[in-house]
2 protein chains.
Amino acid sequence: MKTADKEALKRKTNAKISRPEFFNIAISVDCVIFGYAKKELQVLLIKSNRKEFSELYSLPGDLVRPDEDLDTAPYRVLKEKTGMDDVFLEQVQAFGAIDRHPSGRVITIAYYSLIDILHHKLQLSDNDLHWHSVKNINQLAFDHKLILDTCIHKLKEQIMDHPLVFNLLPEKFSLRELQDVYEAIINITLDRRNFRKMISLKKWLLDLNELEINTPRRPGKLYKLKKEYSSFNGQKKK
Amino acid sequence: MKTADKEALKRKTNAKISRPEFFNIAISVDCVIFGYAKKELQVLLIKSNRKEFSELYSLPGDLVRPDEDLDTAPYRVLKEKTGMDDVFLEQVQAFGAIDRHPSGRVITIAYYSLIDILHHKLQLSDNDLHWHSVKNINQLAFDHKLILDTCIHKLKEQIMDHPLVFNLLPEKFSLRELQDVYEAIINITLDRRNFRKMISLKKWLLDLNELEINTPRRPGKLYKLKKEYSSFNGQKKK
DNA sequence: TCAAAAGTGTTGACTTTACACCCATGA
DNA sequence: TCATGGGTGTAAAGTCAACACTTTTGA
């Protein structure tokens with residue numbers, strides 16, 4: 001290509017990027033915030049405030065601000081909605097069908113997060129924010145059911161290879177609780193001995209030499225995740 | 001929340017979505033188009049036409065049009081640049097650091113694609129478009145090196161579980177060629193017998209009972225991917 | 001003392017890895 | 001006939017899945 005052609009192309013590109021119609025797409029982030037309670041995987045939903053979706057729930061999200069990195073937007077949403085930071089949060093996928101949003105063109109980038117529902121810092125900011133068992137969710141506003149299903153799928157794929165589910169539990173937990181979480185996510189009951197063998201091979205856990213207290217039956221031993229595997233302060237580890 | 005509050009929130013949201021500064025973010029797609037030649041994984045790059053990145057290469061991409069689905073944009077780019085459709089193409093990740101683009105706020109969504117460099121339909125549309133061996137790429141314009149590395153990582157993760165690499169080869173190929181492609185991607189030499197056993201366990205291939213022709217040595221048997229595993233005409237299969 | 005959950009090992013099936021020789025072809 | 005790569009099987013190690021009994025505790 002000759003230099004003159006390149007200059008023409010550059011002008012063309014710059015013209016395109018500054019033409020107003022190419023800024024007619026808004027960008028949002030939507031957060032699939034998972035928790036664990038009542039032996040079931042839960043997700044945080046908010047009552048939709050749009051008349052098109054009255055009576056439907058939707059995922060918490062917000063538009064990305066022009067002055068924030070894409071990846072910080074979901075942390076902001078999470079902090080605003082739950083008061084939590086230092087949480088596991090990972091990008092999943094962008095969703096951008098033309099008609100996914102009734103009030104205009106909005107491309108959204110989905111993130112999923114895992115938090116401990118009983119964490120002392122957790123404070124839902126909104127009366128319309130509630131935990132829902134994922135099993136009971138049939139319909140959501142926008143394309144949020146598709147987003148949720150995509151995130152559940154990714155979660156299932158990752159939990160065997162990465163130390164993620166610990167983010168759903170308090171710092172100290174028993175192997176029984178841990179197994180319950182795994183079973184809730186993959187929806188399969190596991191053999192207790194094989195599960196313990198699998199977990200112990202990962203070398204993720206520290207035996208605290210403590211026992212559960214106030215259990216109705218024989219208490220189990222307590223463990224915690226080794227510090228080097230915690231999901232925040234950096235990236236997730238293998 | 002009371003109804004009046006909800007109405008207020010709705011107005012607030014609608015106001016935000018239509019305030020011009022929230023459309024100040026442009027959306028692009030960037031395509032990491034992989035090919036295979038000279039026993040190495042190749043990627044299609046274009047000479048950057050921006051003075052900030054003179055002499056650097058970049059990934060082919062374009063702004064998403066307001067009237068196209070997000071996922072069709074990379075197909076359009078691919079068709080424009082290579083003349084190819086019916087190709088494997090999958091979304092990888094969105095990249096959205098504030099300063100990733102020198103001329104303004106652009107969030108990009110990366111896709112990766114696998115094509116047969118020797119396909120008869122392949123026709124590079126631009127004299128500045130060329131194949132580069134991924135081994136030799138140290139620096140790219142924008143954050144494209146990061147995008148490329150992310151896509152290579154995803155490719156490596158997927159090739160053992162999904163019938164993807166066949167998209168890099170002509171319809172008929174020998175097991176030797178197939179093994180070469182795998183080795184080029186994962187950068188490890190494999191044992192021939194174990195490789196063949198692994199591939200035959202997947203049941204992806206159809207034995208054509210044909211032999212290579214015009215080989216300098218003993219010709220190998222030819223295979224092709226079973227139709228039900230081809231990546232286009234629907235989603236990738238397990 | 002009873003009920004309930006905690007804790008713990010072994011076996012067989014299968015998968016993965018390492019490894020070497022003969023065969024068919026083109027030159 | 002020779003050089004080159006094509007084609008093939010087995011044994012050992014490791015991983016995965018199935019399976020039952022004893023122990024500890026609270027009630």
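Residue numbers begin at 1 in each chain, while the letters A, B, ... track the order of the sequences. What you see below is based on every heavy atom in this structure, not just the backbone, and it leaves out hydrogens, waters and symmetry mates.
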Do A:L114 and A:V87 have side chains that get closer than 4.5 Å, going by heavy atoms?
->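 No; the side chains remain at least 4.5 Å from each other.
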Any side-chain heavy atom of A:L146 sitting closer than 4.5 Å to one from A:T150?
->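 The answer is yes, as the side chains (C-beta and beyond) meet within the 4.5 Å cut-off.
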Quickly work out the [X] [atom1] to [N] [atom2] distance and round it to whole Å.
{"X": "A:R192", "N": "C:dA5", "atom1": "CZ", "atom2": "C1'", "answer": "7 Å"}
{"X": "A:F195", "N": "D:dA18", "atom1": "CZ", "atom2": "P", "answer": "16 Å"}
{"X": "B:M160", "N": "C:dT15", "atom1": "CE", "atom2": "C1'", "answer": "15 Å"}
{"X": "A:D191", "N": "C:dA13", "atom1": "CG", "atom2": "C1'", "answer": "16 Å"}
{"X": "B:R193", "N": "D:dA11", "atom1": "CZ", "atom2": "C1'", "answer": "12 Å"}
{"X": "B:N194", "N": "D:dA12", "atom1": "CG", "atom2": "P", "answer": "16 Å"}
{"X": "A:M198", "N": "D:dT15", "atom1": "CE", "atom2": "C1'", "answer": "14 Å"}
{"X": "A:Q179", "N": "C:dT8", "atom1": "CD", "atom2": "P", "answer": "14 Å"}

Is there a donor and acceptor pair closer than 3.5 Å between the side chain of [X] and the base of [N]?
{"X": "A:R217", "N": "C:dA5", "value": "no"}
{"X": "A:R196", "N": "C:dT8", "value": "no"}
{"X": "A:K197", "N": "C:dT8", "value": "no"}

Among A:F173, A:Y182, A:F88, A:Y36, the one residue meeting ring-ring contact (aromatic ring centres under 6.0 Å, His included) with A:F166 = A:F173
Any donor-acceptor N or O pair under 3.5 Å, side chains B:D128, B:Y57 = no
For A:P216 and A:L201, take the nucleotide of DNA chain D holding the closest heavy atom to each; which residue's nucleotide lies nearer the 5' end?
->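 Its nearest nucleotide being more 5', the pick is A:L201.
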